[in-house]
Visitor: 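Mind looking over this structure? Questions follow.
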Amino acid sequence: MKDGGIIGRGRNEVTSSNDPTAHAEVQAIREACLHLGHFQLKGCEIYTSCEPCPMCIGAIYWSRPDAVYYACTQAEAASIGFDDQFIYEQIALPMPARSIPMKRIDLPDYKLPFATWKTSMNKTEY
C-alpha cells in the first residue's frame with residue numbers, strides 16, 4: 001500500500017508456477033515495484049496473511065518498505081505444514097555445517113564484476 005491505495009497484490013503461486021520464489025510477498029513486491037517504476041518501496045507498507053518466511057524477509061529488506069503487517073505467526077504457519085524453522089536454523093549455521101554444501105571457488109579475475117561495478121559511472125546505488 002502507498003498513500004492509502006493498493007499498488008501491488010500477490011498470492012502464493014509456488015506450486016501453480018513451479019517457482020519456489022513465487023511467495024505472495026515476493027509477488028506483491030514485484031507488482032508494486034512495476035507499478036512505481038522503482039526497485040524500492042519507500043513510503044509503502046506491506047500487509048500479508050502470515051509472518052514472512054526467510055526468503056520473503058530478504059526481499060522485504062531489499063525493497064525497503066516502511067512497515068510490514070501480518071496476521072498469522074510463524075508457529076501457526078508451521079502447524080499447517082509451512083514450517084520454515086529448518087531454514088532459520090540453516091542460516092544461523094556456519095557454511096560448512098549447512099545441509100546444502102556451499103563452498104567458495106577461486107576463479108581467475110573473480111573480482112572483475114565487483115571492480116567494474118565499483119568504478120562504473122552509470123550505476124544505480126541500492
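Note that the coordinates shown come from a computational prediction; the quantities given were computed from them, not determined experimentally.
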Visitor: Has Arg64 got its NZ or CZ under 6.0 Å from the middle of the six-membered ring of Phe39, at an angle within 45 degrees of the ring axis?
Guide: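 No, Arg64 does not sit over the ring of Phe39.
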
Visitor: Count the heavy atoms belonging to other residues, nucleotides or ligands that lie under 6.0 Å from NZ of Lys123, then report whether that count exceeds 12.
Guide: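 Yes, NZ of Lys123 has more than 12 neighbouring heavy atoms, counting only those of other groups under 6.0 Å.
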
Visitor: Do Glu51 and Cys72 touch side chain to side chain, with heavy atoms closer than 4.5 Å?
Guide: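 Of all side-chain heavy-atom pairs linking Cys72 with Glu51, none is under 4.5 Å.
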
Visitor: Side-chain contact test, heavy atoms from C-beta onward, threshold under 4.5 Å: evaluate it for Val68 versus Glu45 and give yes or no.
Guide: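 Val68 vs Glu45: side chains apart.
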
Visitor: Look at the side chain of Lys2 and the backbone N and O of Lys42, then say whether any donor-acceptor pair between them is shorter than 3.5 Å.
Guide: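 The answer is yes, because a donor-acceptor pair under 3.5 Å joins these two groups.
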
Visitor: Just wondering, do Cys44 and Asp66 contact through their side chains at under 4.5 Å, heavy atoms?
Guide: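 No, too far: nothing below the 4.5 Å cut-off.
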
Visitor: Determine, using the 4.5 Å side-chain heavy-atom cutoff (strictly less than), whether Tyr70 and Met1 are members of one ILVMFWY cluster.
Guide: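 Shared cluster, no.
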
Visitor: Could you state the interatomic distance from CG (Leu41) to CG (Leu36), rounded to the nearest 0.5 Å?
Guide: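 Reported value, rounded in 0.5 Å steps: 6.0 Å.
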
Visitor: Please round to the nearest 0.5 Å and tell me the distance separating atom CD1 of Ile91 and atom CZ of Arg98.
Guide: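 Rounded to the nearest 0.5 Å, the CD1-CZ separation comes out at 7.0 Å.
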
Visitor: Show your working on ring-ring contact (aromatic ring centres under 6.0 Å, His included) between Trp62 and Tyr126 and close with a plain yes or no.
Guide: CA-CA 8 Å; Trp62 277 112; Tyr126 69 100; 5.5 Å; yes

Visitor: Kindly compute the distance separating NE2 (His23) from SG (Cys53), expressed to the nearest 0.5 Å.
Guide: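 So the NE2 of His23 and the SG of Cys53 are separated by 4.5 Å.
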
Visitor: Using only heavy-atom distances, determine whether the side chains of Glu76 and Ser79 contain a donor-acceptor pair under 3.5 Å.
Guide: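 Judged by distance alone, the side chains do not pair up.
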
Visitor: Is there a donor in the side chain of Arg30 and an acceptor in the side chain of Ser63, or the other way round, less than 3.5 Å apart?
Guide: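 Side-chain D/A pair, Arg30 to Ser63: absent.
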
Visitor: Is it true that Ser120 and Asn122 share a donor-acceptor pair across their side chains at a distance under 3.5 Å?
Guide: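 No, no side-chain donor-acceptor contact under 3.5 Å.
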
Visitor: Other residues, nucleotides and ligands only: do more than 12 of their heavy atoms fall within 6.0 Å of CZ on Arg9?
Guide: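 For Arg9, atom CZ is not crowded (no more than 12 foreign heavy atoms under 6.0 Å).
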
Visitor: Identify the heavy atoms of Thr124 and Trp117 that sit nearest to each other, and give their distance.
Guide: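 Distance-wise, the nearest heavy atoms are O-CH2, 3.4 Å.
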
Visitor: May I ask you to test the Phe82-Gln74 pair for a side-chain heavy-atom distance under 4.5 Å?
Guide: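 Not touching, per the 4.5 Å side-chain cut-off.
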
Visitor: Would you indicate whether the side-chain heavy atoms of Glu31 and His35 approach each other to under 4.5 Å?
Guide: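 Not touching, per the 4.5 Å side-chain cut-off.
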
Visitor: When rounded to the nearest 0.5 angstrom, what is the spacing between CG in Asn12 and CG in Asp19?
Guide: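 So the CG of Asn12 and the CG of Asp19 are separated by 10.0 Å.
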
